[in-house]
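Just below is one structure, and these are the notes that go with it.
Not measured: the values here are computed from a predicted model. When reading the values below, keep in mind they use all heavy atoms of this one structure, side chains included, and skip hydrogens, waters and symmetry mates.
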Amino acid sequence: MSQLFSSITIGSLQLKNRLVVSPMCQYSAEDGFANNWHLVHLGQFAIGGAAAVIQEATAISPEGRISYGDLGLWSDDHLEKYKEITTFIKENGAVPGIQLAHAGRKASSNKPWIGRGQFAPSDPLGWQTLAPSALAFHSGDYVPQELKIGQIKELIEQFGEAARRAVQAGYEIIELHAAHGYLIHQFLSPLSNLREDEFGGTFENRIRFLTEIINRVQREITSQSLWVRISATDWAENGWDLDQSILLSQLLTEQGVDVIDVSSGGLVSYQKIDVGPAYQLPFATAIKEKTGSTTATVGLIKTAAQAAEIIEQNKADLILIARSFLDDPHLPLHFAKELSVDTPWPKQYERAK
Ligand SMILES: Cc1cc2nc3c(=O)[nH]c(=O)nc-3n(C[C@H](O)[C@H](O)[C@H](O)COP(=O)(O)O)c2cc1C
């Protein structure tokens, strides 16, 4: 049997295969509340045989949303629908996960199908963005407000509170979004963090925001698996790079992080990315080999053969897939068929097997 369909135990987490739905913003929430779109969107992947389903970047505060349509977890009022979502995912054989996020200087944006522009702080659909330093992402963007130490402490607390709610809602994987140029990544990279206090400057200072969030989140989780998504490189000179990612992954693993989910880019508008099939895999492999961390790879992995080879050659432990799951929510069932693996289908769908 292809190892792609072998189970894996990571701490107290058991996954039935190596295919995980990567978090994908749906820009379909109101005031952070999930609705039936999110239930059906996420639920379909459990029916389709994914081992775990990671819910989109879910904001820890209203200002942490990329757009006014993002999901949120800053209030206990948000919990009811999330409980329905996690219950459905579990009932259908998958593990529910959530990505906790703050967009920092990339917040206050429009829904992508309307236009990627950023709203002025005074716009009814926008707000004042926050960041480690007063540097905009795009030249045309609004300059973010530089965070004061007290505000940084408050954000760390908000990540903890969101984690408490995530546990209460039934999520079994909690992923911190430290990639793609959002707030935590803005602290990590010397290109967006020009601070001269204990949260900027040296590598140890730039990673402090993340490690303090992890400490705070760990006070809330019991058996839940803690994952961190990083951008392995900024794809820009003098930025965050693979060497720093390796060092960080080592420290995070020692700190008790269960999975390093390895993506890349998103920090600066002038990044130069070499995109191609599985183009981010070498980063996950390097981190896995140098640190012994359990790693997930993501990005342009589209075929069963490609995914199976990655696992069989031990280049990563998990495969996260985003767009191909939108195209085919039953992707694991179809990959199994292609690889001649007899995997169970939902009994309601057996006549189509
Ligand atoms: C519609 C859409 C929304 C996304 N939203 C998120 C998100 O909320 N958090 C995140 O870390 N990545 C997000 N991503 C990136 C994906 O998780 C994934 O890393 C990327 O699409 C590459 O994988 P793929 O080639 O399998 O699509 C999003 C991608 C898409 C297409």
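Looking only at side-chain heavy atoms (C-beta outward), L281 and V262 stay at 4.5 Å or farther from each other. Using a 4.5 Å heavy-atom cutoff, the side chains of Q186 and N193 are not in contact. When side chains are defined from C-beta on, E91 counts as touching T87, because their heavy atoms get closer than 4.5 Å. Taking 4.5 Å as the limit, some side-chain heavy atom of R164 sits within range of a side-chain heavy atom of E161. In this structure, E172 and I98 have side chains that are not in contact, with every pair of non-hydrogen atoms separated by 4.5 Å or more. Contact of the Q255 side chain with the V228 side chain is not registered, since no non-hydrogen atoms from C-beta on lie closer than 4.5 Å. The shortest side-chain heavy-atom distance between F335 and I321 falls under the 4.5 Å cut-off. By the 4.5 Å heavy-atom criterion applied to side chains, S109 and F119 are not counted as neighbours.
Using modelled atom types and a 3.5 Å distance limit, the side chains of H180 and S231 yield no donor-acceptor pair. No hydrogens or angles considered: nothing links the side chains of T233 and D241 as a donor-acceptor pair under 3.5 Å. Judged by distance alone, the side chains of T58 and Q55 do bring a donor and an acceptor atom under 3.5 Å apart. No side-chain N or O of R65 forms a donor-acceptor pair with one of S108 less than 3.5 Å apart. Using modelled atom types and a 3.5 Å distance limit, the side chains of W240 and S245 yield a donor-acceptor pair. D76 and Q168 share no side-chain donor-acceptor pair at under 3.5 Å. Side-chain atoms of Q280 and S264 form a donor-acceptor pair, as typed in the model, at a separation below 3.5 Å.
In this structure, E157 pairs ionically with R216, as a charged nitrogen and a carboxylate oxygen lie closer than 4.0 Å. A salt bridge does not link E220 with R165: none of the charged nitrogens is closer than 4.0 Å to a carboxylate oxygen. A salt bridge links E84 with K81: at least one charged nitrogen is closer than 4.0 Å to a carboxylate oxygen.
Nearest heavy-atom pair, N35 versus A29, reported as atom, atom and distance to 0.1 Å: ND2-CA, 4.4 Å. Residues Y68 and K111 share a closest heavy-atom pair of CE1-CE, 3.3 Å. Here the closest heavy-atom approach between residue L300 and residue Q306 is recorded as O-NE2, 3.1 Å. In plain terms, the two heavy atoms of L333 and G49 that are nearest each other are CD2-CA, 4.3 Å. The minimum heavy-atom distance linking P332 with A50 is given by the pair CG-N, 3.6 Å. Here the closest heavy-atom approach between residue A94 and residue V53 is recorded as CB-CG2, 4.3 Å.
Note on V40 and F88: separate hydrophobic clusters, where clusters join Ile, Leu, Val, Met, Phe, Trp and Tyr whose side-chain heavy atoms are under 4.5 Å apart, directly or indirectly. Hydrophobic clustering (side-chain heavy atoms under 4.5 Å, transitive across Ile, Leu, Val, Met, Phe, Trp, Tyr) keeps F209 apart from Y182. I184 and L267 are not part of a single hydrophobic cluster, where members link through side-chain heavy atoms under 4.5 Å apart. In the hydrophobic clustering of ILVMFWY residues, with side-chain heavy atoms under 4.5 Å counting as a link, L100 and L79 come out together. I149 and L183 fall within the same hydrophobic cluster, defined by Ile, Leu, Val, Met, Phe, Trp and Tyr side-chain heavy atoms under 4.5 Å apart, directly or through other members.
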Audit row: L4, I319, side-chain contact (heavy atoms from CB on, under 4.5 Å) steps and yes/no: CA-CA 9 Å; L4 184 61; I319 312 266; 4.2 Å; yes
Under the side-chain contact (heavy atoms from CB on, under 4.5 Å) rule, what do I156 and Q151 come out as? Steps first, then yes or no, please. CA-CA 9 Å; I156 293 166; Q151 290 174 298; over 6 Å; no
Go through the steps for V217 and I214 under the test side-chain contact (heavy atoms from CB on, under 4.5 Å), then give the verdict. CA-CA 5 Å; V217 165; I214 291 169; 5.7 Å; no
Decide yes or no on side-chain contact (heavy atoms from CB on, under 4.5 Å) for L210 and F187, but give the supporting numbers first. CA-CA 8 Å; L210 173 57; F187 272 90; over 6 Å; no
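For H102, the ring pair (Phe, Tyr, Trp, His ring centres under 6.0 Å) test picks out no residue, with sequence neighbours left out. For the salt bridge (Lys or Arg N to Asp or Glu O under 4.0 Å) test, no residue two or more places apart in sequence or in another chain qualifies with D274. By the salt bridge (Lys or Arg N to Asp or Glu O under 4.0 Å) test, K153 is found to be paired with E212, residues two or more places apart in sequence or in another chain being considered. Qualifying ring pair (Phe, Tyr, Trp, His ring centres under 6.0 Å) partners for H78, counting only residues two or more places apart in sequence or in other chains: F33, W74. Considering only residues two or more places apart in sequence or on other chains, F159 meets the ring pair (Phe, Tyr, Trp, His ring centres under 6.0 Å) condition with none of them. The side chain to side chain donor-acceptor pair (under 3.5 Å) check on E204 picks up nothing, with sequence neighbours excluded.
L320 shares a hydrophobic cluster with I8, I10, L13, L15, V20, I54, V95, I173, W227, V259, V298, L318; the chain of contacts runs through ILVMFWY side chains whose heavy atoms sit under 4.5 Å apart.
To the nearest 0.5 Å, atoms CG (D234) and NZ (K272) are separated by 13.5 Å. Rounding to the nearest 0.5 angstrom, the gap separating the CG atom in D261 from the OG1 atom in T294 is 12.0 Å. In this structure, the separation between OG on S189 and CD on Q244 is 7.5 Å, given to the nearest 0.5 Å. Rounded to the nearest 0.5 Å, atoms CD1 (I246) and CD (E289) are 9.5 Å apart.
Annotation: salt bridge (Lys or Arg N to Asp or Glu O under 4.0 Å) contacts involving residues 304-329, sequence neighbours excluded, comprise K288-D317. Listed by first and then second residue, the ring-ring contact (aromatic ring centres under 6.0 Å, His included) pairs involving residues 251-284 are W235-F283 (not counting sequence neighbours). Sorted by first then second residue, the ring-ring contact (aromatic ring centres under 6.0 Å, His included) pairs that include residues 285-325, not counting sequence neighbours, are F45-F325.
Annotation for E196: atom CD does not count as buried by contact number, only 12 or fewer foreign heavy atoms lying within 6.0 Å. No more than 12 heavy atoms of other residues, nucleotides or ligands sit less than 6.0 Å from atom NZ of K302.
The backbone N or O of L19 sits less than 3.5 Å from a side-chain atom of N17, completing a donor-acceptor pair. At distances below 3.5 Å, not a single donor-acceptor pair connects side-chain atoms of R229 with backbone N or O atoms of I260. Side-chain atoms of D123 do not come within 3.5 Å of backbone N or O of A120 as any donor-acceptor pair. A donor-acceptor pair under 3.5 Å is formed between the side chain of N205 and the backbone N or O of G200. Checking side-chain atoms of S28 against main-chain N and O of Q26 turns up a donor-acceptor pair under 3.5 Å.
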Using atom types as modelled, flag every donor-acceptor pair under 3.5 Å from a side chain in residues 126-137 to any protein atom, sequence neighbours excluded.
unit_1 : atom_1 : unit_2 : atom_2 : d
W127   : NE1    : E63    : O      : 3.0
Q128   : NE2    : V143   : O      : 3.4
S133   : OG     : L194   : N      : 2.8

List the atom pairs, donor and acceptor, that lie under 3.5 Å between side-chain atoms in residues 345-353 and the rest of the protein, sequence neighbours left out.
unit_1 : atom_1 : unit_2 : atom_2 : d
K353   : NZ     : D342   : OD1    : 2.7
K353   : NZ     : T343   : O      : 3.0

